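Since the structure comes first, as structure tokens, the remarks are kept for the end.
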Protein chains: 2
Amino acid sequence: MVTIVNLAETATLIGDPTRTAMLFTLMDGRAFTAGELARAAGISAPTASSHLAQLCAGGLLSVERQGRHRYFRLAAPEIASILEGLLVVTAHRLPAIPRTGPRDRAMRHARICYDHLAGEVGVALFARMVAQGHVRLAENGAEITGPGARFLADLGIDMTHQRGAPACRLCLDWTERRHHLAGRAGAALCRLALDSGWMRRVEGTRALNVTPTGIAALRKHFALAP
Amino acid sequence: MVTIVNLAETATLIGDPTRTAMLFTLMDGRAFTAGELARAAGISAPTASSHLAQLCAGGLLSVERQGRHRYFRLAAPEIASILEGLLVVTAHRLPAIPRTGPRDRAMRHARICYDHLAGEVGVALFARMVAQGHVRLAENGAEITGPGARFLADLGIDMTHQRGAPACRLCLDWTERRHHLAGRAGAALCRLALDSGWMRRVEGTRALNVTPTGIAALRKHFALAP
DNA sequence: GCAATGCTTCGATCCGCGGCGAACCATCGG
DNA sequence: CCGATGGTTCGCCGCGGATCGAAGCATTGC
């Protein structure tokens, strides 16, 4: 019975207390970095790396590289169901989720991520573009729609006849744990925001201050409340 | 934190291949002696005794003394649900599953899951009951409607004035990846199918053979084509 | 460029646990 | 009583895996 052995492997993966702690941390559906999960489980980075590799190989976690970070999340909703099912046999209690991310409010609100916008503003902006049909989520990332290209052109961003880096990349937001827009389009929007005076860099950090001009522009072009 | 450790202990209990084999043997809802489980798992009596003691201490099995025999069974229907759920995740991880062989075909078509029907027949039967308004999907599982209670009464199943285990539970089907009916109603339907000669157990497995009588009955009562 | 940060690999250590044989206890048939 | 059968306890062995420190690789920030 091959299936029995495989099932036992899956259960063994869940069975280690350290790995269980990691899985529990991930049970809210967000993604966490390897270091965050190591701290959450109270183990060293090497041990965490080993555990995470096993969980990925076992199909319980999926991983997304982001610069020097690696974001882990549950590979499927069924994983969470299994954990809840196991809870039926044991006691019930909500897991403690570590508060992570920068303490700086400005950083949370808006910041530069590499060459594009991140934080609450970046995530909300991307969500609006998807909702308005300017960006369509695709199999391997996202793509700009016809109306989206016209919308960007009105803002002075020409996305046609360009090659090299992909136009749209999805970037997992550090503080929001949701995707924001990267790639050439994301970089262009970030340049636009800085060049138009919508946002200004805060000296010495990656944080961005949204100016009154920016608040008005975000409301006008993206129907975003401040 | 305590719950995490307890949950990990439960998963570890399931995680040993030998114990998994025992649990699988017990998944048809019947009780087996320690010696039978030892032979089924291919281990010596002392080892089996140790494993069974652990499974009982972990709340996965219950035991019943009868003379010099000790009969073990799954402690609760939820245990079977967890095992099936783990199978779903494990099967999801393995893309290439050998889906051939007559024994596997019979298992996929109809089988017993603890005390109720599973497989294509079990899933289809539940789907028909929902479509016909006999069962209504609810927030936390499902419930039998008024017409559903009358329908079951016509089949000789009385679901009124009973307490204890819930009437309707949903169980995720291992092979179909959809829900089938568990709980008291599911168990009653399974008993009906066996007692009425609709299906017969295949010796040594959880598979069920649907008899010609059963095919006719499923068509008549549930409008199910074979 | 260089330093700092995040993560992985390697090597070594150590503990837990599954496995069995032998002996022991419990129950049944006579 | 006495053997036969079913199960458990005990002692021991060996392997697997969890852990960490140190070193190495990759990426970012300045």
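The figures here come from the full heavy-atom set of this structure, side chains too, leaving out hydrogens, waters and symmetry mates. Small disclaimer: the values here were computed from a predicted structure and weren't measured. Proteins get letters first, then strands, A, B, ... in listed order; numbering begins at 1 in each.
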Of all heavy-atom pairs between [X] and [Y], which one has the smallest distance, and what is that distance?
X: Thr20(B); Y: Ala8(A); answer: OG1-CB, 3.5 Å
X: Ala223(A); Y: Gln132(A); answer: CB-NE2, 4.4 Å
X: Thr213(A); Y: Gly197(A); answer: CB-O, 4.0 Å
X: Arg206(B); Y: Cys113(B); answer: NH2-CA, 4.1 Å
X: Met22(A); Y: Ala41(A); answer: CG-CB, 4.2 Å

Whole-Å gap separating [atom2] ([N]) and [atom1] ([X]):
X: Leu55(B); N: dT8(D); atom1: CG; atom2: P; value: 12 Å
X: Arg70(A); N: dT28(D); atom1: CZ; atom2: P; value: 15 Å
X: Glu9(B); N: dG16(C); atom1: CD; atom2: C1'; value: 13 Å
X: Met22(A); N: dA18(D); atom1: CE; atom2: C1'; value: 12 Å
X: Tyr71(B); N: dG6(D); atom1: OH; atom2: P; value: 11 Å
X: Glu64(A); N: dC7(C); atom1: CD; atom2: C1'; value: 16 Å

Just to be sure I understand the rule, does Ala45(A) reach a base, reach only the sugar-phosphate, or reach nothing, if contact means heavy atoms closer than 4.0 Å?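 Result for Ala45(A) = base.
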Does His69(B) put a side-chain nitrogen or oxygen below 4.0 Å from OP1 or OP2 of dG7(D)?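 Yes, within the criterion.
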Phe126(A)/Phe222(A) aromatic ring centres below 6.0 Å
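No, the ring centres sit 6.0 Å or more apart.
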Expected string for nucleotides 18-30 of chain C under the B/S/- scheme (protein heavy atoms, under 4.0 Å, primed atoms plus P, OP1, OP2 as sugar-phosphate) is SSBBB----BS--
### Query
Do the non-hydrogen side-chain atoms of Leu83(A) and Leu23(A) ever get within less than 4.5 Å of each other?
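Result yes, sub-4.5 Å side-chain heavy-atom pair found.
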* Are Ser50(B) and Thr47(B) linked by a side-chain donor-acceptor pair shorter than 3.5 Å? ->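 No.
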Would you list the protein and nucleotides 1-3 of chain C atom pairs, both N or O, that sit under 3.5 Å from each other?
none

> Can a salt bridge be assigned to the pair Glu84(B) and Arg111(B) using a cut-off of 4.0 Å between side-chain N and carboxylate O?
Replying inline: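 Judged by the 4.0 Å cut-off on N to carboxylate O distance, Glu84(B) and Arg111(B) do form a salt bridge.
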